[in-house]
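Scroll down for the structure; my scribbles are underneath it.
A quick note: this is a predicted structure, and the numbers were derived from the prediction, not measured.
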Amino acid sequence: MIKFEKFELANGLKVIVHQDKSTPLACINILYNVGSRDENSDQTGFAHLFEHLMFGGSVNIPNYDEPLQRVGGENNAFTTNDITNYHLSLPADNLETGFWLESDRMLSLAFSEKSLEVQRNVVIEEFKQRYLNQPYGDVWLLLRPMAYKIHPYSWDTIGKEISHIENVKMEDVKKFFKTFYCPNNAIMVVAGNVEVEEVKQLSEKWFGPIAKGPDNKRNLPQEPEQTEARSLTVERDVPVDAIYKAYHMCSRYDKEYYAVDLISDVLSQGNSSRLHNTLIKDKKLFSDIHAYVMSDFDKGLFVISGKLTEGVTMEQAEEAINEELQKIRSELVTVDELTKVKNKMEASHVFGEVDILNKATNLAVSELLGDADMINKEVEKYLSVTAEQINEQSNIIFKKENCSTLYYKSKK
């Protein structure tokens with residue numbers, strides 16, 4: 001059970017405090033309710049560009065990293081389609097330094113042309129290195145627009161194309177910042193060896209004076225149900241052929257999510273899972289194969305991806321995957337199998353809660369999903385999933401017409 005206290009500042013900033021006296025550290029996690037789904041389709045990659053810009057100096061602090069490192073702290077950030085998350089950890093005695101740093105960049109970035117130029121180049125380089133010049137790097141640039149026709153999940157967080165970042169103007173950047181990086185669009189979790197009263201005082205002192213931003217009401221287009229199978233074949237300079245099958249599934253908000261997540265575990269978690277046992281060990285069709293869910297806040301994807309063993313054809317590989325999916329659709333998972341994946345899930349959940357940064361991030365995400373206390377109810381929701389629910393969701397998801405398949409061939 002993770003205990004916490006919650007309060008809200010007048011400007012709309014939600015603050016959650018989790019006290020953990022077992023560590024000498026404190027962690028500040030700020031989650032902004034903005035991801036790549038909030039971008040304009042002609043200006044993609046902005047949320048990810050901002051992840052970089054937020055380290056490029058703020059209005060009163062030219063260098064974010066330097067003061068933090070001086071007090072023994074470290075920081076990082078990540079962007080998804082749904083959220084942007086910044087976190088720092090430092091000795092609890094130096095907590096106020098963290099408040100000073102985070103509040104200044106929420107107040108305003110420096111918005112210098114130099115910083116924009118530097119970060120723009122960093123992101124363009126990342127686009128080339130990780131997505132265009134790396135084996136299998138462009139998979140999501142191909143798979144997303146095939147699976148999504150109108151929802152903004154149709155592009156990856158890096159953006160649709162390099163030109164969108166190359167053409168970023170300062171006024172676009174300022175507008176995006178003022179819209180999304182404001183107290184009423186953020187959740188701050190302070191965790192570790194901290195006192196609730198001190199966090200309240202520091203929150204008021206450093207964040208209280210920051211003006212509220214606009215009320216952002218999302219009105220995203222809903223992706224219509226997919227009614228025919230889609231596929232794309234590409235040839236690339238990669239070592240082996242690979243196949244990617246993406247099926248539409250429920251959202252992270254839906255009660256069915258827990259059953260769907262466990263389906264991915266039944267299929268591919270660990271060496272005794274179905275896909276590993278049958279397709280790697282027994283039939284030797286794949287060198288590796290994975291099933292996983294995109295835990296998206298809007299309706300997401302259930303993905304199966306595998307690298308084929310030399311000499312195996314795409315037809316053989318795909319047929320073998322389909323046979324496994326047909327099994328989970330037609331027969332109930334056994335009690336033993338279901339118990340095993342539930343036990344593994346519970347163990348990883350408990351293990352994950354040892355780390356204060358993990359706890360802080362999970363509290364913030366839970367709050368954004370509706371209630372921070374969800375963090376204490378997650379395990380229970382997984383444990384209550386039945387074999388019948390797994391069967392029902394398998395039949396809803398693994399339909400031929402609900403699938404987009406990418407055949408990723410190695411140039412011979």
Open item on the list: Quick check on Lys149: does its NZ atom have over 12 non-hydrogen neighbours (other residues, nucleotides or ligands) under 6.0 Å away?
Closed with: yes
Open item on the list: Could you check whether Lys200 pairs with Glu204 (Lys NZ or Arg NE/NH1/NH2 to Asp/Glu carboxylate O, under 4.0 Å)?
Closed with: no
Open item on the list: Tell me whether the count of non-hydrogen atoms from other residues, nucleotides or ligands lying under 6.0 Å of NZ in Lys381 goes above 12.
Closed with: yes
TODO: Locate the shortest heavy-atom distance separating Phe46 from Gln43; write the atom from each residue and the value.
DONE: CD1-O, 3.5 Å
TODO: Output yes when Glu117 and Arg120 qualify as a salt bridge under the 4.0 Å nitrogen-oxygen rule, no when they do not.
DONE: yes
- [ ] Considering non-hydrogen atoms only, spot the tightest contact between Ala317 and Phe286 and give its length.
- [x] CB-CZ, 3.6 Å
Task: Residue pair Thr361 / Asn358, side-chain donor-acceptor N/O under 3.5 Å - done: no
Task: Side-chain heavy-atom pair Phe50, Thr84 within 4.5 angstrom cut-off - done: no
- [ ] Dump the intermediate steps for side-chain contact (heavy atoms from CB on, under 4.5 Å) on Val240 and Leu308, then the final yes or no.
- [x] CA-CA 7 Å; Val240 295; Leu308 280 62; 5.8 Å; no
TODO: Spell out, as yes or no, whether a donor-acceptor pair under 3.5 Å connects the side chain of Asn184 to the backbone of Leu13.
DONE: no
Open item on the list: Could you walk me through whether Val365 and Met374 satisfy the side-chain contact (heavy atoms from CB on, under 4.5 Å) test, starting with their C-alpha distance in whole Å, then the side-chain angles of each, then the deciding distance to 0.1 Å, before giving a yes or no?
Closed with: CA-CA 9 Å; Val365 171; Met374 258 177 71; over 6 Å; no
Task: CD (Glu401) with more than 12 external heavy atoms under 6.0 Å - done: yes
Open item on the list: Please confirm whether the ring centroid of Tyr247 lies under 6.0 Å from the ring centroid of Phe302.
Closed with: no
TODO: Say whether Asn81 and Ser36, considering side chains only, have a donor N or O and an acceptor N or O under 3.5 Å apart.
DONE: yes
Open item on the list: Assess, by modelled atom type and distance only, whether the side chains of Glu318 and Tyr407 contain a donor and an acceptor separated by less than 3.5 Å.
Closed with: yes
- [ ] Using distance alone, with no hydrogens and no angle criterion, decide if Thr44 and His164 have a side-chain donor and acceptor under 3.5 Å apart.
- [x] yes
Task: Check: Phe180 ring centre within less than 6.0 Å of Tyr32 ring centre - done: no
Task: Note: Lys178-Glu171 ion pair, threshold 4.0 Å (strictly below) - done: no
Open item on the list: Strictly by salt bridge (charged side-chain N to carboxylate O under 4.0 Å, His left out), give each pair with a member in residues 41-54 just once, sequence neighbours left out.
Closed with: none
Task: Point-to-point distance, once rounded to the nearest 0.5 Å, from NE2 of His18 to CD1 of Ile356 - done: 8.0 Å
TODO: Quick one: sort the Phe297 and Tyr253 rings into parallel, tilted or perpendicular, breaks at 30° and 60°.
DONE: perpendicular
Open item on the list: If I compare all heavy atoms of Gln222 with all of Ile150, which pair ends up nearest, and what's the gap?
Closed with: O-CD1, 3.0 Å
